[in-house]
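Have a look at the structure below, then the notes.
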Protein chains: 2
Amino acid sequence: MTRPGEAAWLRRYDPQAFPPFAVTVDLAILTVRDGSLQALLVRRDEHPFRGWWALPGGHLHHGAESADAAARRELVEETGIDSTAEGLHLEQLATYSDPQRDPRIGAGLQVVSIGYVALAPGLPEPVAGTDAAEAAWWPVDALTESLAFDHARILVDAVERVRAKVEYSTVATSFLTEPFSLTELREVYRAVWGVAPDPANFRRKVLATAGFVRPAELVGSPTTVGGRPPELYRRGDAVLITPPLARPATGPAAPGP
Amino acid sequence: MTRPGEAAWLRRYDPQAFPPFAVTVDLAILTVRDGSLQALLVRRDEHPFRGWWALPGGHLHHGAESADAAARRELVEETGIDSTAEGLHLEQLATYSDPQRDPRIGAGLQVVSIGYVALAPGLPEPVAGTDAAEAAWWPVDALTESLAFDHARILVDAVERVRAKVEYSTVATSFLTEPFSLTELREVYRAVWGVAPDPANFRRKVLATAGFVRPAELVGSPTTVGGRPPELYRRGDAVLITPPLARPATGPAAPGP
DNA sequence: ACAAAAGTGTTAATAGTACACCCATGA
DNA sequence: TCATGGGTGTACTATTAACACTTTTGT
């Protein structure tokens, strides 16, 4: 494309003409462990909010990467999760830009953060990141307070996004390692929603949705302690579920007023 | 909240330690005019992309406003639309941060843009903004190319968001001025989807969804040229449609592979 | 044989689709 | 009274929710 006069204009352009913004990414990394939805938090060892629990994240590398790339990089750095690992789902959530969200506004720096949601299969104990900061899985129902910056808000938005998204998409499979049983998949829904779908109807819905799952070749090792061993499946190609899986009426995940 | 040592730390903080980012908002302002979905574009009279058609937008006022506030401000400045006007719907879409998306990266400035979607009732001819730049409504089907920056991509994302969102939410009413008939509402769906729902079933679905619309008190002026005058409605309180309105199978809006 | 977990059947209710038909109005 | 668009009825089909029931395994 030709843009007349732009090359000359660019040579005279002064990037200092704009006051400084900093751009960060923050990741709500979610998994299902022990039957509950949990988020990975790290304890900050730098100001601001030194000593507080926070979402993993960091600054964009200026001129070198997009927010997507930065999110992938942070995911690896902070958790050791390979960004191409099986089942991993990473998507942009929203951008948080309130001037008061970061105290560094007091020093003249406005920090804008691009929030991401990552879904990963249940992992063992958290791997401390390269920053050697403390890291731990926290059940999301146990906290909506006391996080650094506006991270509590970001986390709530992330959880709400996931609760809605498993209704009309197949992302729930991202929480499982292949191969998996339909009961395990149903347990994911129980953890995310706080209430489990009917086993029979759930099975029919999943199997009737082309591309939700596909049968695994070999019958799995009989790791179950007793009872009939389950048929095993792998993730399919489909992304959307139409019509959506209906969330059961009332559950402990949505306490009344 | 107490954050020990942070006040002293902040006094010594150097905001110049980070390379400069600029943060902008870009608005996909959509309306339904002449039976088609149209977007408001402005012709840029400044570098970069001088003379190109672009989405309305601009820089965040540093230290003074969030992206939401900036989007509302730009909406007023560029279009004269009051951000509290009836029916107006404004929501964040996504954030675009590829280093190459803005040529000013060549001068050392990385520009990150937060995209917004605005839905507004059909408006008369576009009001030139305070920048006196040329402005016009363009049918969205007529262009996915030749826009400044990555605005074609943002616009495509915005249209896709709206096409999906009218299925499970009541935002379609944002395209209409009150009071409106159900036929007018159905015409919105035709414009957005490219295919119209069945009139009878559409009527039943809308009226069966509590809070989608509510009856208007007075019967409207008989502006129709002939035929039975329609019953008129206003927007209701509901936001979500469960289960969703199904988009008819095949239509010109979704060409096959 | 029994317990436990997986998987299947059945039925009533609900919701959606397609299309025919009736109603109210202006010219 | 006729053309025009608004609004209703209806038969048929597909989907869902709820729950009872059968199958397969380990001990």
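Chain identifiers are assigned alphabetically (A, B, ...) following the order of the sequence lines, protein sequences preceding nucleic acid strands; residue numbering begins at 1 within each chain.
- Two residues, Ala200(A) and Leu182(B), neighbour DNA chain D, and the one matched to the more 5' nucleotide by heavy-atom proximity is Leu182(B).
- Between the side chain of Arg203(B) and the base of dT17(C) there is no donor-acceptor pair of N/O atoms closer than 3.5 Å.
- Phe175(B) is listed as a side-chain neighbour of Val162(B), based on a closest heavy-atom distance under 4.5 Å.
- A parallel orientation is assigned to the rings of Tyr168(B) and Tyr168(A), their planes being inclined by less than 30° (bins at 30° and 60°).
- Among the nucleotides dC19(D), dG16(C), dG5(D), the one closest to any side-chain atom of Lys205(B) is dG16(C).
- Within the nucleic acid shown, Pro199(A) has no heavy atom closer than 4.0 Å to any nucleic acid atom.
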Original post:
Which is it for Tyr96(B) and Phe149(B) under the side-chain contact (heavy atoms from CB on, under 4.5 Å) test, yes or no, and what are the steps along the way?
Top reply: CA-CA 10 Å; Tyr96(B) 301 84; Phe149(B) 306 106; over 6 Å; no
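- No contact: Ser181(A) has no heavy atom under 4.0 Å from any strand.
- In the set dG6(D), dC19(D), dG16(C), the nucleotide with an atom closest to the side chain of Asp198(A) is dC19(D).
- Residue side chain Arg204(A) reaches the base of dG9(C) through a donor-acceptor N/O pair under 3.5 Å, judged by distance alone.
- Of the listed nucleotides (dT15(D), dG7(C), dA15(C)), dT15(D) has the atom at the smallest distance from the side chain of Pro243(A).
- Side-chain contact between Asp237(B) and Phe212(B) is absent, with no heavy atoms from C-beta onward closer than 4.5 Å.
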